[in-house]
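Since the structure comes first, as structure tokens, the remarks are kept for the end.
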Amino acid sequence: MLFNRLFFDHPLTSNAFTPLLTDTAEECNDHQHCQQNSQFSHDPIEKTKLNKCMRIKNERMHWADAIAQELAGKKHVIATGITPSGPIHIGNMREVITGDLIYRAIKDAGGDATLVYIADNLDPLRKRYPFLGKEYEKYVGMPLCDIPCPCGECENYAEHFLKPFLKSLEKLDIHPIIYRSDELYTHGKFDEVIKIAIQSTERIAKILKETSGRDVPEGWSPFMPKCPFCGKLTTTRVLDFSDMVEFECECGEEGKVGIREGKLVWRVDWPARWKVLNVTVEPFGKDHAAAGGSYDTGARISREIYGYEPPHPVVYEWITLKGKPMSSSKGVSVTVEDMLKVVPPDILRYMIVRVKPEKHIDFDPQITLLQLVDEFEELDRGSREYELSHVELQADIPFRHMITVVQIAKNDDQIFEVLERSGYKVDRSDKRQVEAVLSLASNAREWVKMYAPERMKFEVKERVDVKFDEKEREGLRRLAELFEKREMDAKEVHDSIYRVANEIGMKPSKLFEAIYKVFLGKKYGPRAGWFLVSLPRNFVIQRLKESQEGNNES
RNA sequence: GGGCUCGUAGCUCAGGUAGGUAGAGCGUCUGGCUUUUAACCAGAUGGUCGUGGGUUCAAGUCCCACCGAGCCCGCCA
């Protein structure tokens with residue numbers, strides 16, 4: 001970043017062709033010189049030196065900044081969009097996060113940008129998905145915004161899936177201007193582009209044929225009227241157009257509707273939208289990117305029909321779930337909502353931030369996810385990755401520790417007590433802090449429930465139900481004494497365990513096992529020192545003493 | 001059949017529009033802290049850059065061919 005600014009802030013001077021030789025990049029103060037000269041010099045040694053200098057600009061730059069740099073000098077509208085035909089999963093989410101990152105990068109570079117999200121709620125329901133009841137069969141072909149909500153509580157089908165998604169956007173600190181396509185159409189924003197499309201039917205058909213190599217069917221129209229009788233978009237055929245669209249429908253009816261009663265087919269809708277919203281940057285999945293795919297046809301329609309330069313494409317790869325492509329309809333998916341139940345939002349952002357859009361991501365909610373969390377928490381707070389991932393108001397408590405905490409605490413109050421004892425201060429009068437902590441705790445609790453391997457799960461037992469041998473009792477007794485004597489911090493406790501074991505000639509591992517058995521009834525558990533100080537001190541003392549009861553007393 | 005994207009250390013990835021001595025994190029190993037337990041510190045280890053050609057004084061980087069993975073070309077976003 002810094003190097004880049006230096007590079008670009010340097011004006012080209014009049015003696016640009018004077019060789020400027022330096023041994024190290026730091027010594028060079030005018031990279032423009034080096035750039036020019038490396039191209040014209042024929043002396044290999046000189047070239048080497050010059051190029052070495054130029055190399056400096058190849059220092060790590062985040063992909064979002066690189067895109068922003070490429071786009072510099074113009075006002076931008078970044079358009080994202082997802083069809084709310086089912087639960088929106090994290091694969092879909094890549095589109096919006098990618099857009100947001102570019103948006104932030106442009107802003108950070110001092111540019112002007114707007115982020116837009118378009119909910120394609122006018123798209124027809126393609127089929128009755130497995131998660132829908134039989135009664136939905138009759139809605140196939142109707143716009144999503146005209147179909148009743150599955151839970152009966154939202155305005156319509158589209159809103160049902162949109163609501164949790166929009167809420168997730170908030171959590172992810174993504175704030176696009178939100179459009180719903182039914183509003184864009186019915187409010188007349190698309191009037192113009194629809195008219196042009198219908199009038200250009202022949203030319204559009206030709207473009208589609210030329211780019212995708214497919215003949216469009218007889219009587220094809222870029223506009224799908226919505227049949228006022230059966231409410232469907234997919235069953236109508238356009239017969240004629242003057243001011244109104246004349247159509248016939250498979251339901252047997254025919255008639256005329258206005259151009260606000262319907263929708264452009266996807267391949268035309270896309271470029272039309274670019275024109276209407278002045279879109280200049282468009283992230284999209286690789287499915288649209290192939291030759292003859294919808295970006296190709298869209299770009300031509302945009303130029304040739306709408307006279308609009310198509311937006312800068314940003315192609316992103318799919319996110320797979322343990323190797324399988326995500327698909328809500330096949331049940332192979334993790335919804336954004338679900339993921340945010342399990343990890344804080346910055347982790348989801350980081351997952352997208354850390355790799356270039358064209359890189360494929362395989363998602364595994366179990367251990368890999370935890371590694372992702374660790375990696376993020378270890379990240380240098382000043383790094384660009386951290387900056388781009390970071391979401392305001394995040395509790396600064398390691399997730400792994402929280403996993404221990406929530407398994408000790410029985411309720412919200414105890415969470416704060418446990419945190420306090422283990423050295424994390426939370427100002428409980430600060431509502432936002434409290435909220436942040438509870439939200440992280442809820443993530444951890446959910447993660448344990450859903451994905452934790454057995455080894456990481458534990459429960460503090462109500463009573464000791466294990467008997468110990470003499471050595472073990474001795475070790476535990478001495479620990480109890482230490483706890484009684486004074487308060488210790490986690491490290492001290494941890495050290496004491498080793499010391500006590502050594503004092504009585506016991507293998508430390510045996511003492512650790514005994515401790516875990518006393519409290520958890522298992523031979524292993526979270527790091528002992530940190531675990532023990534998380535518990536109430538009196539309880540620890542009492543429990544250690546209880547371990548003395550049993551066969552040696554009788 | 002046509003096309004798009006990806007292939008760099010054991011793993012995850014930088015090295016994107018500028019050819020110039022192959023990088024980071026994690027892991028692994030070693031050493032240290034009277035210390036294997038879900039810890040910390042220090043150091044070390046690690047790659048014929050998918051393969052084969054070509055251009056060049058110089059190629060992970062540019063060109064061609066091939067291999068492997070995924071996807072698109074069914075108007076369906």
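Just so we're on the same page: letters track the sequence lines, and every chain starts at 1.
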Review point. Within this structure, what is the CZ-to-C1' distance between Arg94(A) and G70(B), rounded to whole angstrom?
Key: 13 Å
Revision key, fill the gap. Sorted by position of nearest nucleotide on RNA chain B, 5' first, the leading residue of Lys457(A) and Glu317(A) is Glu317(A)
**Study point:** Length of the line joining Arg384(A):CZ and A14(B):P, which is rounded to integer Å
**Key:** 17 Å
**Study point:** Euclidean distance for P, G47(B) against C11(B) (whole angstrom)
**Key:** 12 Å
Study note, to complete from the structure: If pairing means Watson-Crick or G-U wobble with both distances under 3.5 Å, then the partner of G7(B) is C67(B)
Practice item. Name the orientation of the base relative to the sugar in G50(B): syn if the glycosidic angle is within 90° of 0, else anti. Key: anti
**Study point:** Tyr424(A) and His401(A) aromatic centres sub-6.0 Å
**Key:** yes
**Study point:** Whole-Å gap separating C1' (G2(B)) and CD (Glu210(A))
**Key:** 16 Å
Exercise for review: Would you sort out whether Glu513(A) and Lys522(A) count as a salt bridge (Lys or Arg N to Asp or Glu O under 4.0 Å), showing the intermediate values?
Suggested key: CA-CA 8 Å; Glu513(A) 279 179 19; Lys522(A) 304 205 280 191; over 6 Å; no
Practice item. Anything under 30° is parallel, anything over 60° is perpendicular, the rest tilted; go ahead and classify Phe531(A) against Phe458(A). Key: perpendicular
Exercise for review: Tell me the partner of U21(B), counting only Watson-Crick (N1-N3 plus N6-O4 or O6-N4) or G-U wobble (N1-O2 and O6-N3) with both under 3.5 Å; none if nothing fits.
Suggested key: none
Exercise for review: Sticking with atom C1', work out how far C33(B) lies from G27(B), rounded to a whole angstrom.
Suggested key: 23 Å
Check your understanding: What is the distance from CD of Glu375(A) to P of C13(B), rounded to the nearest Å?
Key -> 10 Å
Check your understanding: When the C1' atoms of G50(B) and G7(B) are considered, how many whole Å apart are they?
Key -> 6 Å
Exercise for review: Answer yes if the ring centres of Tyr295(A) and Trp274(A) are under 6.0 angstrom apart, and no otherwise.
Suggested key: yes
Practice item. Just name whichever nucleotide pairs with G1(B), Watson-Crick or G-U, keeping both distances under 3.5 Å, else none. Key: C73(B)
Practice item. Classify the nucleic acid contact of Gly529(A) as base, sugar-phosphate or nothing, counting any heavy atom under 4.0 Å across all strands shown. Key: nothing
Check your understanding: Any idea how His494(A) and Phe512(A) line up, ring-wise: parallel (<30°), tilted (30 to 60°), or perpendicular (>60°)?
Key -> tilted
Practice item. Round to a whole Å and report the spacing from CZ of Arg527(A) to C1' of C40(B). Key: 8 Å
Practice item. Please state the P separation for the pair A9(B) and G23(B) - nearest whole angstrom. Key: 14 Å
Exercise for review: Round to a whole Å and report the spacing from CG of Asp374(A) to C1' of G27(B).
Suggested key: 13 Å
Practice item. Take atom C1' in A59(B) and the same atom in A24(B), then report the distance between them in whole Å. Key: 23 Å
Exercise for review: Please figure out whether Asp495(A) or Val355(A) has its closest RNA chain B nucleotide nearer the 5' end.
Suggested key: Val355(A)
Review point. Just checking Phe512(A): base, sugar-phosphate only, or nothing, at a heavy-atom cut-off of under 4.0 Å?
Key: base
**Study point:** Glu317(A) and its side-chain hydrogen bond (donor to acceptor under 3.5 Å, both in side chains) partner, picked from Lys286(A), His360(A), Lys359(A)
**Key:** Lys286(A)
Review point. Expressed as a whole number of Å, how far does the C1' atom of U21(B) sit from that of A58(B)?
Key: 11 Å
Practice item. Please report, rounded to the nearest Å, how far the P atom of C40(B) is from the CG atom of Asp489(A). Key: 16 Å
Review point. Can you give one letter per nucleotide of nucleotides 72-77 of chain B, 5' to 3': B if a protein heavy atom sits under 4.0 Å from the base, S if only from the sugar-phosphate, - if neither?
Key: BSSBBB
Practice item. Determine which nucleotide pairs with C62(B), using a 3.5 Å limit on both distances of a Watson-Crick or G-U wobble pair. Key: G54(B)
Review point. Checking all strands, does Ile497(A) fall into the base, sugar-phosphate, or nothing category for heavy-atom contacts under 4.0 angstrom?
Key: nothing
Exercise for review: Select base, sugar-phosphate, or nothing to describe what Tyr516(A) touches, counting heavy atoms under 4.0 Å on all strands.
Suggested key: sugar-phosphate
Review point. Is there side-chain contact between Phe376(A) and Glu378(A), with at least one heavy-atom pair below 4.5 Å?
Key: no
Check your understanding: If the P atom of G60(B) is compared with that of G16(B), how far apart are they to the nearest Å?
Key -> 13 Å
Check your understanding: How about Tyr516(A) and Tyr524(A): are their ring centroids closer than 6.0 Å?
Key -> no
Review point. Taking only side-chain nitrogens and oxygens of Lys359(A), does any of them come within less than 4.0 Å of OP1 or OP2 of G16(B)?
Key: no
Practice item. With C1' as the reference atom in both, quote the distance from U36(B) to G31(B) in angstrom, rounded to an integer. Key: 16 Å
**Study point:** Any-strand Watson-Crick or G-U partner of C29(B), both distances under 3.5 Å
**Key:** G43(B)
Practice item. Rounded to the nearest angstrom, tell me the gap between atom CZ in Arg499(A) and atom C1' in C33(B). Key: 14 Å
Practice item. Compute the centroid of each ring, for Phe131(A) and then for Tyr136(A), and state whether the two points are separated by less than 6.0 Å. Key: no
